[in-house]
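First comes the structure, then the notes that go with it.
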Amino acid sequence: MEKRKLGSEGLEVSKVGLGCMGMSEFYGDGDEAESIATIHRALEIGVNFLDTADMYGHGANEGLVGRAIADRRDQVVLATKFGIVRGDDPRDRGVNGRPEYVRESIDGSLKRLGVDHVDLYYQHRVDQNVPIEETVGAMAELVEAGKVRYLGLSEASAENIRKANSVHPISALQTEFSLFERGALDKVIPTLGELGIGFVPYSPLGRGFLTGRFRSGADFGSGDFREHDPRLGEENMAANLAIVEAIEEVAAKHDVTSAQMAIAWVLAQGDDFVPIPGTKKVSRLEENAAAAEIQLTEEELATLDALPRPQGDRYANMSTIDE
């Protein structure tokens, strides 16, 4: 697996990473043994960039990742996030960017992960009630204390990215980005290029929709948050399937899966784009990682670039997205 650099501070990660969220929550029931096997297989094939967050499973996901890497910490570039405060209902959530909460959160994450430092620490969502300079200032203190190596943001606007980077170098921005969500192309990605900040697209498979495995809401199992996704509801899914079908046509020419084609398109957007497709199965991990070898022609890229943007909002509640 090739490596890519994120930012200008020296952070280097595998070309494709692994999102671990679904191992603990949101995408139906998990299997810890299979999830840990998936993480171990990722490291075996060179996928060393693991992504988690303190809110996934109310901390359970960090615990799972910690158990998986306990005897192989030196093989991992470990990323986690803080800032989303949630209730028992996954849709009931707020944001906290207060400096004291930053310091409290890292200590909790380190304990659950069983490590003495995190390689990349993201502010999961921007707190509109706390100046981002104050939040990032507290994050910078964690770098000085040796608890964190590099800093990142998630779902931050171009304006707040600039403000944050003026306090401490930001190595990476994590934001939803795929052929199913291209809003970052308008302002955010140009800002990252100007400032030399790497880009970590999450949900590069459009929450699994771009794999082609889902054709109706009935295809989602119980406990799957996608049943609340506006773009995957009955009123929008039929129209959005046209995007999937177009990807399938290009994928067929390469004899690869739609998922691999969708990831290959993301990778082709820039040398500092590192997608983190999520999975809890070894077979899907291997499929996603193989996308790193696909080379698209200019004509194929133009065909995919010309696809329409999807119908519907990204989330039923967009209030925590900094636009």
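One is the number of the first residue; the rest follow in order along the sequence. Computed from a predicted model, the values in this text were never measured in an experiment.
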Between [X] and [Y] (side chain of the first, backbone of the second, donor and acceptor by atom type, cut-off under 3.5 Å), is there such a pair?
X: Tyr121; Y: Ile106; answer: yes
X: Arg182; Y: Asp305; answer: yes
X: Thr38; Y: Val282; answer: yes
X: Ser171; Y: Tyr150; answer: no
X: Asn61; Y: Gly57; answer: no
X: Arg86; Y: Met55; answer: yes
X: Asp119; Y: Leu78; answer: yes
X: Asp51; Y: Thr80; answer: no

Classify the side-chain pair [X]/[Y] by whether it contains a donor and acceptor separated by less than 3.5 Å.
X: Tyr202; Y: Glu181; value: no
X: Arg93; Y: His124; value: no
X: Glu287; Y: Thr257; value: yes
X: Glu133; Y: Ser166; value: no
X: Asp322; Y: Gln128; value: yes
X: Asp54; Y: Ser109; value: no

Is it true that [X] and [Y] make a salt bridge, defined as a side-chain N closer than 4.0 Å to a carboxylate O?
X: Lys253; Y: Glu249; value: no
X: Arg41; Y: Glu286; value: yes
X: Lys147; Y: Glu141; value: no
X: Arg67; Y: Glu32; value: yes

Please report the interatomic distance [atom1]([X]) to [atom2]([Y]), rounded to the nearest 0.5 Å.
X: Thr191; Y: Asn160; atom1: OG1; atom2: CG; answer: 11.0 Å
X: Lys281; Y: Asp31; atom1: NZ; atom2: CG; answer: 9.5 Å
X: His254; Y: Met261; atom1: NE2; atom2: CE; answer: 4.5 Å
X: Leu173; Y: Leu153; atom1: CG; atom2: CG; answer: 6.0 Å
X: Lys81; Y: Ser154; atom1: NZ; atom2: OG; answer: 6.5 Å
X: Gln260; Y: Leu210; atom1: CD; atom2: CG; answer: 13.5 Å

Heavy-atom closest pair, residues [X] and [Y]:
X: Ser258; Y: Glu248; answer: OG-CG, 2.9 Å
X: Val130; Y: Gly97; answer: CG1-O, 3.6 Å
X: Val274; Y: Gly17; answer: CG1-N, 4.2 Å
X: Ser178; Y: Leu205; answer: CB-N, 4.5 Å
X: Ala184; Y: Pro190; answer: O-CD, 4.0 Å
X: Asn236; Y: Arg231; answer: CB-O, 3.7 Å

Do Trp265 and Phe273 have ring centroids that are under 6.0 Å from one another?
-> no
For the [atom1] atom on [X], are there more than 12 heavy atoms of other groups (residues, nucleotides or ligands in this structure) within a distance under 6.0 Å?
X: Glu299; atom1: CD; value: no
X: Asp255; atom1: CG; value: no
X: Lys5; atom1: NZ; value: no
X: Glu44; atom1: CD; value: yes
X: Asp271; atom1: CG; value: no

Partners of Asn96 by side chain to side chain donor-acceptor pair (under 3.5 Å), sequence neighbours excluded?
->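 For Asn96 the side chain to side chain donor-acceptor pair (under 3.5 Å) partners, ignoring immediate neighbours, are Arg98.
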[X] side chain near [Y] side chain, heavy-atom distance below 4.5 Å:
X: Arg4; Y: Leu11; answer: no
X: Val126; Y: Thr135; answer: no
X: Val76; Y: Asn48; answer: no
X: Leu195; Y: Arg162; answer: yes
X: Met21; Y: Thr52; answer: no
X: Thr175; Y: Pro201; answer: no

Would you call the rings of Phe209 and Phe180 parallel, tilted or perpendicular, where under 30° means parallel and over 60° means perpendicular?
->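 Rings of Phe209 and Phe180: tilted, 30 to 60°.
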What class does the angle between the rings of Phe82 and Tyr101 fall in, given that below 30° is parallel, 30 to 60° is tilted and above 60° is perpendicular?
-> tilted
Following the transitive rule for hydrophobic clusters with a side-chain heavy-atom cut-off under 4.5 Å over Ile, Leu, Val, Met, Phe, Trp and Tyr, establish whether [X] and [Y] coincide in one cluster.
X: Met1; Y: Leu267; value: yes
X: Ile189; Y: Ile170; value: yes
X: Leu110; Y: Leu151; value: yes

